[in-house]
K.L.:
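Take this structure first; my questions come after.
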Amino acid sequence: MATGTGDSLGAALNQLLREFGVQPLRRLSTYHAKHWHAQLTKLTHTQRGWEALERAGLTVRPETLIKWLSDPEYNVRHSYRDIIHAAYENAAIVPADPIPQAVKDGQFEIRGLVKTGDDERIRGVLNEHGRISAPLRIVGRSGNWVEIERKWLRANSTTTHSRTTSSTT
């Protein structure tokens with residue numbers, strides 16, 4: 001049974017999706033350069049980088065590019081630096097995987113402290129009265145997956161604050 005935990009409902013759902021093998025929008029760990037020259041050097045060493053430069057609209061002659069790459073102190077116009085930076089940031093980001101149909105059709109339970117507005121409840125765990133309360137049950141088929149997937153692909157998961165666990169049933 002897949003489970004997810006986190007400091008919020010969104011974090012628990014994100015963890016649950018990862019258990020299904022779905023990766024969120026993320027930044028590649030090898031992209032950390034700050035200076036335009038280091039960014040341009042990184043971009044020109046990979047196909048991904050060349051594609052990002054093309055999408056960003058960098059159109060310079062090969063001779064100009066060679067001058068820039070051979071001298072980190074070369075005086076590159078600010079507008080070109082902006083294009084290089086935009087291309088670098090775009091190359092550094094890996095888009096999120098789409099949410100699989102198995103998740104959209106699944107049934108899930110959220111356990112732990114769940115907050116919705118001013119309502120705060122402990123769900124599916126032993127409470128202060130020594131009883132196990134019912135977990136928050138989610139039926140995937142009744143979800144607004146267009147909106148959920150839009151937020152997932154943009155890495156804006158639900159921001160409900162709580163300590164939760166989610167699992168499939």
Side-chain angles (χ1 to χ4, degrees), residues 1-108 110 138-168:
M1 174 183 301
T3 61
T5 60
D7 292 333
S8 70
L9 177 58
L13 292 173
N14 285 341
Q15 181 62 33
L16 180 67
L17 288 168
R18 283 187 197 92
E19 297 236 355
F20 274 89
V22 181
Q23 291 292 315
L25 181 110
R26 61 209 175 272
R27 184 178 182 86
L28 294 171
S29 62
T30 57
Y31 283 77
H32 47 77
K34 302 290 183 215
H35 190 265
W36 70 266
H37 186 266
Q39 291 176 348
L40 183 61
T41 301
K42 174 76 173 179
L43 290 169
T44 57
H45 280 88
T46 65
Q47 182 65 33
R48 175 185 197 84
W50 281 107
E51 291 167 358
L53 285 168
E54 186 177 324
R55 282 191 310 272
L58 183 66
T59 54
V60 295
R61 295 187 338 230
E63 299 83 29
T64 302
L65 194 56
I66 290 169
K67 286 179 190 176
W68 290 356
L69 288 168
S70 64
D71 183 4
E73 300 303 318
Y74 194 90
N75 190 19
V76 175
R77 282 191 295 186
H78 190 70
S79 60
Y80 284 127
R81 289 182 187 194
D82 288 345
I83 291 171
I84 292 166
H85 179 71
Y88 186 80
E89 289 303 312
N90 287 335
I93 301 300
V94 178
D97 297 333
I99 298 174
Q101 195 62 43
V103 172
K104 295 176 185 178
D105 292 339
Q107 294 184 25
F108 309 97
I110 306 297
I138 299 173
V139 178
R141 289 180 184 260
S142 63
N144 179 357
W145 286 103
V146 171
E147 182 67 13
I148 293 168
E149 191 153 34
R150 183 183 65 78
K151 287 184 178 186
W152 169 258
L153 294 173
R154 286 186 17 218
N156 289 337
S157 61
T158 307
T159 57
T160 304
H161 293 82
S162 62
R163 177 72 184 159
T164 60
T165 302
S166 55
S167 61
T168 59

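Values in this document were obtained by computation on a predicted structure and should not be read as measured data. All values below come from the heavy atoms of this structure, side chains included, with hydrogens, waters and symmetry mates left out. Note that the numbering runs from 1 along the sequence shown for the chain.
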K.L.:
What's the spacing between I66 CD1 and R61 CZ if we round to 0.5 Å?
P.N.:
10.5 Å

K.L.:
Would you say the side chain of V22 lies within less than 4.5 Å of the side chain of P100, judging by non-hydrogen atoms?
P.N.:
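Yes, at least one pair of side-chain atoms sits under 4.5 Å.
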
K.L.:
Taking A86's backbone N and O only, do any of them form a donor-acceptor pair with N90's side chain (distance below 3.5 Å, no angle check)?
P.N.:
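Indeed, once roles are kept as given, a pair shorter than 3.5 Å links the two residues.
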
K.L.:
Do the non-hydrogen side-chain atoms of D97 and L17 ever get within less than 4.5 Å of each other?
P.N.:
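No, side chains not in contact.
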
K.L.:
Any side-chain heavy atom of R141 sitting closer than 4.5 Å to one from Q107?
P.N.:
no

K.L.:
If you round to the nearest 0.5 Å, how far is CD of E149 from CG of N144?
P.N.:
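Taking CG in N144 and CD in E149, the distance rounds to 11.0 Å.
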
K.L.:
Could you tell me which non-hydrogen atom of V76 sits nearest to which non-hydrogen atom of R81, and how far apart they are?
P.N.:
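Closest approach of V76 to R81, heavy atoms only: O-NE, 3.1 Å.
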
K.L.:
So W50 and L43, do their side chains get closer than 4.5 Å, heavy atoms only?
P.N.:
no

K.L.:
Going through the checks in order, is the side-chain contact (heavy atoms from CB on, under 4.5 Å) test met by H45 and T41?
P.N.:
CA-CA 7 Å; H45 280 88; T41 301; 3.4 Å; yes

K.L.:
Between atom CG of L69 and atom OG1 of T44, what is the distance when rounded to the nearest 0.5 Å?
P.N.:
4.5 Å

K.L.:
How far apart are the closest heavy atoms of L153 and L25, and which atoms are they?
P.N.:
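Scanning both residues completely, I find the closest heavy atoms to be O-CD1, 3.7 Å.
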
K.L.:
Would you check if T30 and K42 make a side-chain contact, meaning some heavy-atom pair closer than 4.5 Å?
P.N.:
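Result yes, sub-4.5 Å side-chain heavy-atom pair found.
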
K.L.:
Can you tell me how far CG of L58 sits from CD1 of I83, rounded to the nearest 0.5 angstrom?
P.N.:
6.0 Å

K.L.:
Measure the shortest side-chain to side-chain distance between V103 and W145 over non-hydrogen atoms and say whether it is less than 4.5 angstrom.
P.N.:
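Sidechains of W145 and V103: in contact.
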
K.L.:
Quick check for you: to the nearest 0.5 Å, what is the distance between H37 atom NE2 and D71 atom CG?
P.N.:
7.0 Å

K.L.:
Tell me whether the rings of Y74 and W68 are parallel (<30°), tilted (30 to 60°) or perpendicular (>60°).
P.N.:
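Correct class here is tilted.
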
K.L.:
Would you say that I93 contacts Y31 through its side chain, given a criterion of any heavy-atom pair below 4.5 Å between the two side chains?
P.N.:
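Counting from C-beta outward, I93 and Y31 never come under 4.5 Å.
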
K.L.:
Say whether, by atom type as modelled, one donor and one acceptor occur between the side chain of Q39 and the main chain of A33 under 3.5 angstrom.
P.N.:
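At least one qualifying donor-acceptor pair exists.
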
K.L.:
For R48, is there an ion pair with E51 - N to carboxylate O distance below 4.0 angstrom?
P.N.:
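Judged by the 4.0 Å cut-off on N to carboxylate O distance, E51 and R48 do not form a salt bridge.
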
K.L.:
Identify the heavy atoms of R18 and P24 that sit nearest to each other, and give their distance.
P.N.:
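Looks like NH2-CG, 3.4 Å.
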
K.L.:
Drop me the distance from R77's CZ to D82's CG, to the nearest 0.5 angstrom.
P.N.:
11.5 Å

K.L.:
May I ask you to test the W36-Y80 pair for a side-chain heavy-atom distance under 4.5 Å?
P.N.:
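Counting from C-beta outward, W36 and Y80 never come under 4.5 Å.
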
